[in-house]
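Each ligand, and each atom within it, is numbered from 1 in the order the structure gives.
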Amino acid sequence: MELLAHNFRSDFIRGANLAKGADADEQPLIAFRDATQLSLIIRATAFVFADPRSRALRDVIARIAPSEATVLITGETGTGKELVARHVHAMSNRRNAQFVAINCGAFSETLIESELFGYERGAFTGALQGKAGWFETANGGTLFLDEVGDLPLAMQVKLLRVLQEREVVRLGARKSIPIDVRLIAATNIDLSEAVRAGRFREDLYYRLQVISLPVLPLRERTGDVLPLAQHFLTTYARRLQVEEVRLTADAERALLAYPWPGNIRELENIIHRAVLLSRAGFITPTELNLPGWHNAAPSQPSPPSQPAITLAAETAADTLLDAHDDAAMLQKVWNHLLQSDQSIHFEELQQQLIVAAWEHCQRNQVRTAKRLSLSRNVLRTYLKRAQVID
Ligand SMILES: Nc1ncnc2c1ncn2[C@@H]1O[C@H](COP(=O)(O)OP(=O)(O)OP(=O)(O)O)[C@@H](O)[C@H]1O
């Protein structure tokens, strides 16, 4: 297996320091990223490239990284698009400058303009002082625009202009500011389809995909499954200060047979939970609890009924969303649910929790996505899967 890690800050391989460090406690148990926060700090960056198709991708990245060309990364949710973007940056000549990662789906239409391009003092009510936008923040480095398909059309026009002119004009300003930024964009929707439907500008589409990097779903690169599982096992065992944990042969077979609709993020969550539930240093298919897997052993407790899961999710969502500190609260709720009934099905519970949050937000998708730090696209995917929207 091949594991690449960058020296600047690699939480995944800094295991020894992590075990006792603050990071160990602060890692949220569920992978809702706080998309509304700028990730100005280069965070965990370790890559497993074991499958021949992943190694081919790694070789393409090495070839294109040093160029200044704009890159469009495509792939299903959770396939590792952001990690690929960080890898491109880390292998480019801009590696010592800022990598700014933004999730375009996490911002309202009005907010995104001032965040992207910045504003001058007095540009709008409440603008008591000027602020640099993301383009200015990333100057000299790389700007990663995740979920670029979520950009409103008016913003697409402005983005195209910045890419053409290589300068930004802050809201309320007359002067333009020259910028030197490499843009990497990512999407999990079919942008060419969005172009045909008139939701995405064709000129911007071609401008973005000077280099196109498709990231395959995990089910199409099964050679990565066990090395990734091993990688997350080591990571979470260290973070959770658990002794060495191993997968049984049955558990490995189950991992290989599963189709991974949520891709690497789902694998990471499942291993994280299995490490928490593991006994005597082993993870069996019971601890993996993969959707569709049923343990015939009579000693197993029967799974909770659907109403019980729904109620637990509703309570969890209400507690979570009423709390001030969402991340800490989410971790507590999640811990509680894991401990209260270990047979609760992770995916099912996650789905129920998201639906409950959507109900809590009066079925307003924008507000729900914002509260959960998910993009609207990802939220819609979950809601469709739960069959509560078309
Ligand atoms: N090759 C890899 N090696 C190790 N970890 C990986 C790899 N690819 C992805 N991951 C991990 O899987 C998780 C999901 O990756 P990432 O956030 O980059 O996916 P994404 O495609 O950008 O998702 P989304 O479409 O939802 O934004 C992250 O925790 C990331 O660290």
Side-chain angles (χ1 to χ4, degrees), residues 1-6 9-14 23 27-37 39 42-61 71-90 99 101-106 144-150 184-191 213-236 239 260-272 350 354 369 372-382 385:
M1 138 177 159
E2 185 139 6
L3 186 88
L4 294 185
H6 299 297
R9 186 172 189 268
S10 179
D11 289 352
F12 283 139
I13 56 161
R14 264 185 338 134
D23 292 8
Q27 290 302 322
L29 277 175
I30 181 172
F32 291 155
R33 291 170 304 157
D34 187 354
T36 55
Q37 272 184 3
S39 31
I42 302 277
R43 48 152 225 200
T45 315
F47 305 88
V48 172
F49 289 111
D51 189 279
R53 276 156 290 194
S54 295
R55 290 209 299 271
L57 174 67
R58 181 204 52 198
D59 294 345
V60 173
I61 294 173
V71 181
L72 180 64
I73 305 173
T74 56
E76 290 178 12
T77 184
T79 44
K81 296 185 294 297
E82 181 171 339
L83 232 70
V84 166
R86 288 175 186 275
H87 198 39
V88 172
H89 172 75
F99 176 91
I102 305 302
N103 188 328
C104 300
F144 173 57
L145 293 184
D146 201 358
E147 314 278 356
V148 73
D150 280 358
I184 304 182
T187 178
N188 55 24
I189 62 163
D190 183 349
L191 271 194
L213 286 183
V215 184
L216 289 175
L218 189 52
R219 64 185 167 279
E220 289 177 28
R221 43 180 165 126
T222 42
D224 283 341
V225 172
L226 293 183
L228 277 167
Q230 190 50 54
H231 167 60
F232 293 129
L233 262 185
T234 314
T235 304
Y236 284 105
R239 280 190 190 164
W260 301 111
N263 293 295
I264 300 178
R265 184 169 300 115
E266 184 182 13
L267 174 61
E268 181 173 354
N269 284 336
I270 280 181
I271 295 293
H272 185 172
Q350 184 184 39
I354 289 169
L372 297 178
S373 295
L374 294 171
S375 77
R376 263 176 290 162
N377 267 334
V378 173
L379 175 71
R380 275 199 297 269
T381 308
Y382 279 116
R385 213 179 280 162

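- By the 3.5 Å distance cut-off applied to N or O atoms, His231 is not counted among the residues near ligand 1.
- Distance CD/Glu147 to CG/Leu145: 11.0 Å, rounded to 0.5 Å.
- The option with the heavy atom closest to atom 11 (C) of ligand 1, from among Ile264, Thr381, Thr77, Asn377, is Ile264.
- Considering only non-hydrogen atoms, atom 3 (N) of ligand 1 lies nearest to Val48 out of Val48, Thr235, Asn103.
- Between Phe99 and Phe144, the ring planes lie parallel to each other; the angle is under 30°, not in the 30° to 60° tilted range.
- Looking at Thr79 and Arg221, their side chains come closer than 4.5 Å, going by heavy atoms from C-beta outward.
- Considering backbone and side-chain atoms alike, Leu83 places an N or O below 3.5 Å from some N or O of ligand 1.
- Remark: distances from the non-hydrogen atoms of Gly78 to ligand 1 include one below 4.0 Å.
- Within the listing of ligand 1, atoms 18 (O), 22 (O) sit less than 4.0 angstrom from a heavy atom of Glu82.
- A distance-only check finds no donor-acceptor pair linking the side chain of Arg376 to the backbone of Ala106 [under 3.5 Å].
- Atoms of ligand 1 lying under 4.0 Å from at least one heavy atom of Arg265, given by number and element, are 14 (C), 16 (P), 17 (O), 19 (O), 23 (O), 24 (P), 26 (O).
- With hydrogens and angles ignored, the 3.5 Å screen pairs a side-chain donor or acceptor of Lys81 with a backbone N or O of Glu76.
- Contacts between Phe144 and ligand 1, counted as non-hydrogen atom pairs separated by less than 4.0 Å, are absent for every part of the residue.
- Close approach of ligand 1 to Glu268 (heavy-atom distance below 4.0 Å) involves ligand atoms 11 (C), 12 (O), 13 (C), 28 (C), 29 (O).
- Using a 4.5 Å heavy-atom threshold, the side chains of Thr77 and Tyr382 count as separate.
- Heavy atoms of Asp224 found under 4.0 angstrom from ligand 1: none, in either backbone or side chain.
- Note on ring orientation: taking the six-membered ring where Trp is involved, the planes of Tyr236 and His272 are parallel (angle under 30°, cut-offs 30° and 60°).
- The closest approach between a heavy atom of Phe232 and any atom of ligand 1 is below 4.0 Å.
- When heavy-atom distances to ligand 1 are checked against a 4.0 Å cut-off, Asn263 has no atom that comes that close, whether in backbone or side chain.
- Contact check for Val148 versus Leu191: side-chain heavy atoms found under the 4.5 Å cut-off.
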Could you go through Asn263 and Val215, starting from their C-alpha distance and side-chain angles, then the distance that decides it, and tell me whether this counts as side chain to side chain contact (heavy atoms under 4.5 Å, CB included)? CA-CA 11 Å; Asn263 293 295; Val215 184; over 6 Å; no

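- Contacts between Asn188 and ligand 1, counted as non-hydrogen atom pairs separated by less than 4.0 Å, involve the side chain only.
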